[in-house]
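Please read the structure below before turning to the comments.
It should be emphasised that the depicted structure is a prediction, and the values quoted were computed from it without experimental measurement.
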Amino acid sequence: MKTKKLLALLCGAAMMVSLLTPAMAAENRREVIDMGDGFYAVVTMEEMPMTRAGDTKNGTKSATVYNGSTVIGTATLMATFDISGATARATLAAINGTGKNGWSYDHGTASRSGNKASGTAYFKSGSTTKSLTLTMTCSSDGTIS
């Protein structure tokens, strides 16, 4: 009897996970950016739920930067958009990062204009510097891309 209850509980849990997984996957998108000379970045974007008032949308784009198969660093662009008007407007853009495997995160610059937020992360090793630019835009309905 206990085995049947446990089996029913496990089946129910598996069903809930299978129903939630597609919904969560829709919010996270991946892309690969070729940075040249064997460097590339794997970028993941995540949209946050709208605020309670429904007029602000937040998002992050995180990148892991590689030289071949070696991770040289990570960078994250964070942005906030005001969607209370007829068009979306970027109100915050910030970028930060870390270096790995002999590379350092040198610095980052962020900017915003209209419905666009962008940031450039700079990684350095010796005399070699590599930069990665991440950009997010937001539509008036709160869709971040």
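Every residue was checked against the side-chain hydrogen bond (donor to acceptor under 3.5 Å, both in side chains) condition with S140, not counting sequence neighbours, and none meets it. A search for side chain to side chain contact (heavy atoms under 4.5 Å, CB included) contacts involving D34 returns nothing, not counting sequence neighbours. Among residues two or more places apart in sequence or in another chain, the side chain to side chain contact (heavy atoms under 4.5 Å, CB included) test is passed with T128 by W103. In this structure D82 satisfies the side-chain hydrogen bond (donor to acceptor under 3.5 Å, both in side chains) test together with S84, R89, sequence neighbours excluded.
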For side chain to side chain contact (heavy atoms under 4.5 Å, CB included), just list the numbers for K130 and D37, CA-CA rounded to whole Å, side-chain angles, deciding distance to a tenth of an Å, and then say yes or no. CA-CA 10 Å; K130 282 307 236 184; D37 300 327; 3.7 Å; yes
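Under a hydrophobic-cluster definition in which Ile, Leu, Val, Met, Phe, Trp and Tyr are linked whenever side-chain heavy atoms come within less than 4.5 Å, directly or via other members, L132 and Y105 are assigned to the same cluster. Using a 4.5 Å cut-off between side-chain heavy atoms of Ile, Leu, Val, Met, Phe, Trp and Tyr, with links allowed through other members, M136 and I33 fall into the same hydrophobic cluster. Under the 4.5 Å side-chain heavy-atom criterion for Ile, Leu, Val, Met, Phe, Trp and Tyr, L134 and M45 are members of the same hydrophobic cluster.
Here the side chain of T91 pairs a donor or acceptor atom with the backbone of T80 at under 3.5 angstrom.
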Identify every side-chain donor-acceptor pair in residues 64-76 under 3.5 Å, counting partners at least two apart or on other chains, and give the distances.
unit_1	atom_1	unit_2	atom_2	d
T74	OG1	T98	OG1	2.8
T76	OG1	S62	OG	3.4

Pairs under 3.5 angstrom only: tabulate donor-acceptor contacts from the side chains of residues 116-126 to other protein residues two or more places apart or in another chain.
unit_1	atom_1	unit_2	atom_2	d
S118	OG	S111	OG	3.2
T120	OG1	T133	OG1	2.9
S125	OG	G102	O	3.4

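What you find for C138 and I144 is that their closest heavy atoms are SG-CG1, 4.0 Å. Nearest heavy atoms, A88 versus N115: O-CB, 3.4 Å. Taking both residues in full, the closest heavy atoms of M35 and Y40 are given as SD-C, 3.9 Å, listed atom of the first, atom of the second, then distance. The nearest pair of heavy atoms linking R30 to V42 is NH1-CG1, 4.3 Å. Smallest separation of non-hydrogen atoms from A63 and V43: CB-CG2, 3.9 Å.
Salt bridge K61/E47: absent, no basic N to carboxylate O contact under 4.0 Å.
From M78, atom CE reaches atom CD1 of I95 across 8.0 Å, with rounding to the nearest 0.5 Å.
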